[in-house]
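Within every chain, numbering begins at 1; the chains are lettered A, B, ... in the order of the sequence lines, protein sequences first and strands thereafter. The figures that follow rest on heavy atoms only: side chains count, while hydrogens, waters and symmetry mates do not.
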2 protein chains.
Amino acid sequence: MGAETTRDHIVEAADRLFYHQGYEHTSFAAIAEAVRISRGNFYYHFKSKDDILRAVIAARLESRRRMLREWEAEEADPAGRIRRFVEIVVTNRADIQDYGCPVGTLTTELAKLGHPALGEAGEVFTLFRTWLREQFTRLGHRERADELAMHVLAFSQGVATLAHAFREEDFIRREVRRMHDWLGAYSAGTGAVAAAAHEDGGRADA
Amino acid sequence: MGAETTRDHIVEAADRLFYHQGYEHTSFAAIAEAVRISRGNFYYHFKSKDDILRAVIAARLESRRRMLREWEAEEADPAGRIRRFVEIVVTNRADIQDYGCPVGTLTTELAKLGHPALGEAGEVFTLFRTWLREQFTRLGHRERADELAMHVLAFSQGVATLAHAFREEDFIRREVRRMHDWLGAYSAGTGAVAAAAHEDGGRADA
DNA sequence: GAGATATTAGGACAGGCGTCCTATGCGGTG
DNA sequence: CACCGCATAGGACGCCTGTCCTAATATCTC
């Protein structure tokens with residue numbers, strides 16, 4: 001805490017405010033007030049608002065990378081790792097109900113603004129997609145790994161958006177349970193793998 | 001076209017611009033330019049920007065109601081109606097890839113802005129939820145109708161968000177196919193209904 | 001055609017924004 | 001103690017925003 005630099009404080013406050021209020025709606029004055037520094041002093045650490053945004057995105061990317069790395073260290077089973085990802089919406093349910101998914105909402109906003117940093121924001125999605133794909137590949141679903149990864153991602157975005165709109169915690173838990181059930185067909189031994197492949201394999205890649 | 005009032009033109013242009021650029025990012029000047037009227041003239045038809053937003057939301061609500069009514073007239077089978085809803089993401093794939101879901105993105109933005117019209121925007125979600133619930137009820141799933149309705153809604157939001165982020169049409173089609181497969185267990189005759197109830201009934205409502 | 005009403009145009013206003021500039025304070029080094 | 005570079009403060013700037021006001025123009029009624 002005390003060891004953190006002013007720049008870090010700015011990035012942290014901006015991260016939180018961008019998440020809670022949106023990027024465009026968050027003014028320099030608001031960040032300055034949160035960090036308790038003067039407006040003018042911003043431009044010593046960052047050269048523009050875009051610059052702060054990029055720093056925030058980079059910080060988020062790094063934090064997600066770190067999270068995934070920890071999961072990999074703690075959980076050897078790829079299926080267990082995927083389940084951890086699915087559990088995010090439960091773990092962060094309070095924030096999600098209040099503000100939605102940080103990644104999804106920022107990406108959507110930057111797209112509407114035509115902001116040049118949209119691509120960087122999208123990299124967080126790509127990070128998750130690649131990581132999930134890797135886990136499915138290790139489970140023996142190499143051909144369909146990307147499709148399955150995207151399905152899990154779509155789940156989390158759908159749940160986040162509706163949990164935000166309706167604020168219903170039970171809905172989150174039901175959808176997570178449903179997703180765990182679905183994952184069961186892909187995560188167990190060869191028998192279950194074969195069953196899952198049979199279940200919808202014929203149509204999915206027509 | 002020619003029969004439309006100026007007010008209608010304003011609402012149409014604002015609707016499109018709010019969808020493409022976001023509510024906050026769309027200025028009065030931008031709407032005025034699109035409608036080809038002067039800025040000042042706005043306040044003859046609307047008393048504030050909020051007022052235009054409310055008119056846009058009301059128009060969207062009405063258009064969705066009309067759409068659902070048409071589906072009900074054309075399609076007697078509740079399962080077919082639900083399938084029509086699922087197909088929205090395919091039908092509107094171009095817009096969705098460019099701008100996301102109009103309902104989801106607006107709701108999310110208004111929530112971040114703390115805008116008083118958030119509740120009205122959310123009514124579109126409620127409209128869909130209630131309608132889907134009604135269709136599932138008619139299919140004989142009264143107890144789980146709301147849960148199933150929410151699942152379909154979550155599907156559409158998840159697909160829309162990711163299709164927007166990644167711009168991949170194949171992804172949309174794969175997810176829609178998956179959803180149709182899932183619906184198959186709930187839409188056929190009593191035999192299939194019983195099978196679906198057995199499939200995950202034991203855990204879903206523990 | 002005259003008058004009343006409905007509609008439009010365009011500028012003025014105050015406030016907030018991101019940005020920039022300059023002066024001031026702080027902390028370690030010779 | 002003098003110095004120098006890092007860090008900060010706070011105000012000035014030009015721009016754009018939503019809003020409001022007033023004058024001009026269409027449109028309709030008798």
Pairs: protein N or O with nucleotides 12-15 of chain C N or O, under 3.5 Å:
none

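- The residues A/R16 and A/E12 are annotated as not salt-bridged, no charged nitrogen and carboxylate oxygen being separated by less than 4.0 angstrom.
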task: For side chain to side chain donor-acceptor pair (under 3.5 Å), just list the numbers for A/E109 and B/H25, CA-CA rounded to whole Å, side-chain angles, deciding distance to a tenth of an Å, and then say yes or no.
output: CA-CA 10 Å; A/E109 180 181 4; B/H25 192 59; over 6 Å; no

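- Residues A/R39 and A/E33 are not paired through a salt bridge, judged by the lack of any N-O separation under 4.0 Å between the basic side chain and the carboxylate.
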Could you pull out every donor-acceptor pair under 3.5 Å between side chains of residues 93-103 of chain A and any protein atom, sequence neighbours left out?
from, atom 1, to, atom 2, distance (Å)
A/R93, NE, A/E169, OE2, 2.9
A/R93, NH1, A/V90, O, 2.9
A/Q97, OE1, A/E169, N, 3.1

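- Note that the two end axes of the helix from C/dG1-D/dC30 to C/dG30-D/dC1 enclose an angle of 10°, each drawn from 5 base pairs, rounded to 10 degrees.
- Of the charged side-chain nitrogens involved, at least one lies within less than 4.0 Å of a carboxylate oxygen, so that B/E74 and B/R84 count as a salt-bridged pair.
- Of the residues in residues 40-51 of chain B, those lying under 4.0 Å from DNA chain C by heavy-atom distance are B/G40, B/N41, B/Y44, B/H45.
- Near DNA chain C, meaning a heavy atom under 4.0 Å away, the residues from residues 14-38 of chain A are A/T26, A/S27, A/F28.
- Proximity of a side-chain donor or acceptor of B/K112 to a complementary backbone N or O of A/Y19 within less than 3.5 Å is detected.
- Taking CH2 from B/W131 and CZ from B/R81, the interatomic distance works out to 6.5 Å, rounded to the nearest 0.5 Å.
- Judged by the 6.0 Å distance and 45° axis criteria, A/R142 is not positioned over the aromatic ring of A/F136.
- Taking 4.0 Å as the cut-off between side-chain N and carboxylate O, A/E168 and B/R129 count as a salt-bridged pair.
- Here A/Y23 pairs with A/F18, A/H115 under the ring pair (Phe, Tyr, Trp, His ring centres under 6.0 Å) rule; sequence neighbours left out.
- Contact annotation: A/T6 side-chain N/O to D/dT8 OP1/OP2 distance is under 4.0 Å.
- Between B/F85 and B/W71, the ring planes are perpendicular. Angles over 60° get that label, and only those under 30° would be called parallel.
- For the residue pair B/E147 / B/H141, no side-chain donor-acceptor distance below 3.5 Å is found, with atom types taken as modelled.
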